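The block underneath contains the structure these notes are about, expressed in structure tokens.
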Number of protein chains: 4
Amino acid sequence: MSVNTSHIPSTKEQLIDAAVHIFHQKGFQKTRISDIVSEAGVAQGTFYLYFRSKEEIFRQINTAHMNRFVKVFEETDLLFAGDDIQAIRKNIHHFLNKLLEIYKQNVHVSELLFREGIGHGGLFKEIHENFFDSFISLLRKHMKRDIPPDHFHFEDAETIAVFLLGVFERSASYFMLMQKQFNTEKLAGRMTDFMLNGLQLNSANHGRQLNLK
Amino acid sequence: MSVNTSHIPSTKEQLIDAAVHIFHQKGFQKTRISDIVSEAGVAQGTFYLYFRSKEEIFRQINTAHMNRFVKVFEETDLLFAGDDIQAIRKNIHHFLNKLLEIYKQNVHVSELLFREGIGHGGLFKEIHENFFDSFISLLRKHMKRDIPPDHFHFEDAETIAVFLLGVFERSASYFMLMQKQFNTEKLAGRMTDFMLNGLQLNSANHGRQLNLK
Amino acid sequence: MSVNTSHIPSTKEQLIDAAVHIFHQKGFQKTRISDIVSEAGVAQGTFYLYFRSKEEIFRQINTAHMNRFVKVFEETDLLFAGDDIQAIRKNIHHFLNKLLEIYKQNVHVSELLFREGIGHGGLFKEIHENFFDSFISLLRKHMKRDIPPDHFHFEDAETIAVFLLGVFERSASYFMLMQKQFNTEKLAGRMTDFMLNGLQLNSANHGRQLNLK
Amino acid sequence: MSVNTSHIPSTKEQLIDAAVHIFHQKGFQKTRISDIVSEAGVAQGTFYLYFRSKEEIFRQINTAHMNRFVKVFEETDLLFAGDDIQAIRKNIHHFLNKLLEIYKQNVHVSELLFREGIGHGGLFKEIHENFFDSFISLLRKHMKRDIPPDHFHFEDAETIAVFLLGVFERSASYFMLMQKQFNTEKLAGRMTDFMLNGLQLNSANHGRQLNLK
DNA sequence: CATGAATGAGTGTTCATTCAT
DNA sequence: AATGAATGAACACTCATTCAT
């Protein structure tokens, strides 16, 4: 089952590819339609056959990419469920790895989404909010189903969502930037460790003193 | 040593205050010099007596604010040091609380810094990077001094910095947005818990099984 | 000789009908070819199989309609001729009624012709001028033939033409706009009265004084 | 009491003068802001210091000019009042002459107003409608005050307004176009004759027959 | 005959920056 | 120091027209 590598891209696809590239390079505001069309190799007017405005193509690109993540959210049945902590760890690791893979396969759009989706006095806030809400729903569902209330330190899904997303977004974009092509397995592992156990200074301290001032 | 509360703001201060306000509302790109001067109540040309360009005032504002955080970094001598885990917890809690207080006292600039400092194809990347590097230095110093290498799960300061900053930035901006005026003590506490111990699903599991699928 | 009411319109007719409609709605400049073809239900390119340009279809429409009026001019043999003033009045009434009927049967085009035919820095001035010249010729012919020079207050046909056309055009378009479907007989009557006798303040004054300040 | 002929025109006046000129030459749609500013001898951006848009300057110009006519309407106390028909004739002649003088002193704007104020699917319809309504009011007031109902052939002011305006507008623009600088006194006289008595075929026919076919 | 995707010149409007007063 | 009128480069978007199929 091979992917058709000799795929002839439609004009719309060419425009989207070019747009992703330039948006990533320059950001939304500094990107000119003329940049996009010249990279796509079509005329100015052609752009407007496919997109009503600069905002629309940006929104389309980001929404589409966001939905890739949301799809993973929706397809995840195991997260906090498992016979023991190792099983749970494995679920989470797997989950994070899938997200990182998507991030990696579309680095430019990913960075775009997390960058411009947040900023700008909220011009595109709704895109990211959508993604965020979807993640909270996921957490809520799994927490309610799989974790006895008294076994969980943090009561509300919202707080957890913020913490976890903070870790995920920052890590993904940072390491992606640093080591251009990164090892998702390894990063997913470290993120899982941190999410489940934090810095683990305590476990490190078993039976002896930390050195002190 | 009292602060002069009936301080008559200089023209430059008026411009900065106005700029912070508008930058926060509209973002850097959408902010017009005319917005700033009209809010500051001065003439268009006056702006250029104090700032060479729109970029410069933005940079000045953000750099100044960033330095507030950096100052806290530099003044922190206790972080991972302490007789027991409770002492360490207290240090970190204190540290986070100080940062949150600064964040809170200048919400607009804070949000600006974390938003636009990251995005924009890196127009202002350096500002945030400066802040980031400073934080890494802090961590490295304290880790090296206070934690025996074999007692620490995560070997490199960089990874930890990314994780911790992710949690901090996201949480601060999110909860600031939600609950307009928030309780820094409480948030610092939750952040400390998460940073030190993660979700604590394992500790919750003492002596019994998690429910399972 | 019956008109085929179940006439299937050709593509060209569809284009013209659509064009009349949109031109009337939006005016020449604001009408887009895309409006016309989409209303006609044909493709963009099809337009250019029948018309060289937007100007051409406009000119064709208006010229054709103008010729309907010109035809009436040419077919009119009685205007100022008659045994007495009543006969003349009847001729003029009949003449105006015929023009109004044409106006009414093609309101959209009529309004178009009188609106845009005049304006626009003269882009289509010639169309209206043609119509105007034709009307002057008519007047000149009938005046010369039927009115003894010394019996006529206004010496030149041109002035009369301007006066009469002013009354006709303005009235037709105004009352057409107001009372959507209007009574041509009645309007023709009033116009005839005004054209022949003016406001008739004097005749109203027979045997008594107008009231005075 | 001499007009200051060495008046230095403000930038706004220069823009308006240029705009009137070009609007008159090319019509509203075909006029480019770049035409206006280059004729006014200022930069592109300067235009927008004084007018929000092309539409606004057009509206300002036309409204201002329309108000010149409206002012005459409002300042007219004698129209249909008078001891005899000659007095009335004189009033009307005077009234028309004043309007024609205004028309003449601002030919370009006048033509603009009557051309584009009417057409264009109503983009600027309201301007002309305002003028029209104002004229109807004038007529109504004078008719009610000065003419006994049974002495007047045409009952409603609206119809008369349409007839009279038709004559005025058409004549003014036509003769203005033909004989560049025209004799307002003479034209006003002819218009008065026509308005009061029509073509006067009947008076011409006193005591003898018109020749007939 | 018909299609409709592609073209690209054209233009209104914005806004950071300058400078004479 | 302060003003604010003037600048002009820059850019998103429109739409009549073409042409390969």
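So you know, we letter chains A, B, ... as the sequences are listed, proteins then strands, and number each from 1. Please read these numbers as outputs of a predicted model, since none were measured by experiment.
Backbone-only contact: A/Thr31 has heavy atoms under 4.0 Å from sugar-phosphate atoms and none from a base.
To the nearest 0.5 angstrom, A/Asn62 atom CG is 9.0 Å from A/Met66 atom CE. Note: B/Thr63 OG1 to B/Glu126 CD = 7.5 Å, rounded to the nearest 0.5 Å.
We find that CD1 of A/Ile36 is positioned 13 Å from C1' of F/dC13, with the value rounded to whole Å. Protein atom CD of C/Gln29 is 16 Å distant from nucleotide atom P of E/dG10, rounded to whole Å. Between the P atom of F/dT18 and the NZ atom of C/Lys54 lies a distance of 15 Å, rounded to the nearest Å. Regarding D/Leu49, its CG atom lies at a distance of 17 Å from the P atom of E/dT18, rounded to whole Å. One can place CZ of C/Phe47 at 16 Å from C1' of E/dC1, the figure rounded to the nearest angstrom. Rounded to an integer number of Å, the gap from CD of C/Glu56 to C1' of F/dA16 is 14 Å. Between the CZ atom of D/Phe51 and the P atom of F/dA6 there is a distance of 12 Å, rounded to whole Å. Distance CG (C/Asp35) to P (F/dT14): 13 Å, rounded to an integer number of Å.
Evaluation of the salt bridge (Lys or Arg N to Asp or Glu O under 4.0 Å) rule for D/Arg32 yields D/Asp35 as partners, not counting sequence neighbours. Shown here are the side chain to side chain donor-acceptor pair (under 3.5 Å) partners of B/Gln44, two or more places apart in sequence or in another chain: there are none. Applying the side chain to side chain donor-acceptor pair (under 3.5 Å) test to B/His21 and every residue at least two apart in sequence or in another chain returns B/Glu39. Residues forming a side-chain contact (heavy atoms from CB on, under 4.5 Å) with C/Ser173 (at least two apart in sequence, or on another chain): C/Tyr103, C/Glu111. Contacts of C/Phe131 classified as ring-ring contact (aromatic ring centres under 6.0 Å, His included), with partners at least two apart in sequence or in another chain: C/Phe69, C/Phe73, C/Phe114, C/His128. Partners of D/Gln14 under the side chain to side chain donor-acceptor pair (under 3.5 Å) rule, at least two apart in sequence or in another chain, do not exist in this structure.
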Derivation and outcome, side chain to side chain contact (heavy atoms under 4.5 Å, CB included), residues B/Gln60 and B/Lys12: CA-CA 12 Å; B/Gln60 270 190 32; B/Lys12 183 167 185 178; 3.8 Å; yes
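Closest contact between the side chain of C/Ile33 and the listed nucleotides F/dA16, F/dT7, E/dG12 involves F/dA16. Set against F/dG8, F/dA12, F/dT7, the side chain of A/Arg32 has F/dA12 as its closest nucleotide. Picking from E/dT7, F/dA1, E/dA2 the nucleotide with the shortest atom distance to the side chain of B/Tyr50 gives F/dA1. The side chain of D/Ala43 lies closest to F/dT7, out of F/dT7, E/dT13, E/dC1.
Applying a 4.0 Å cut-off to non-hydrogen atoms, the residues of residues 11-19 of chain C that approach DNA chain E are C/Thr11, listed by residue number.
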Identify the pairs formed between an N or O of the protein and an N or O of nucleotides 19-21 of chain F at a distance under 3.5 Å, and give each distance.
none

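Under the side-chain hydrogen bond (donor to acceptor under 3.5 Å, both in side chains) rule, B/Ser110 has a single partner from B/Arg115, B/His65, B/Gln105, which is B/His65.
Both D/Lys30 and A/Val42 sit near DNA chain E, but only A/Val42 has its closest nucleotide nearer the 5' end.
Sorted by first and then second residue, the salt bridge (Lys or Arg N to Asp or Glu O under 4.0 Å) pairs involving residues 43-56 of chain C (not counting sequence neighbours) are C/Arg52-C/Glu56, C/Glu55-C/Arg59.
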Dot-bracket encoding per residue of DNA chain E, Watson-Crick/G-U cut-off under 3.5 Å, | denoting interstrand: .||||||||||||||||||||
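In this model, no side-chain donor or acceptor of D/Gln44 finds a partner on the base of F/dT7 within 3.5 Å.
Note on ring orientation: taking the six-membered ring where Trp is involved, the planes of B/Phe28 and B/Phe58 are perpendicular (angle over 60°, cut-offs 30° and 60°).
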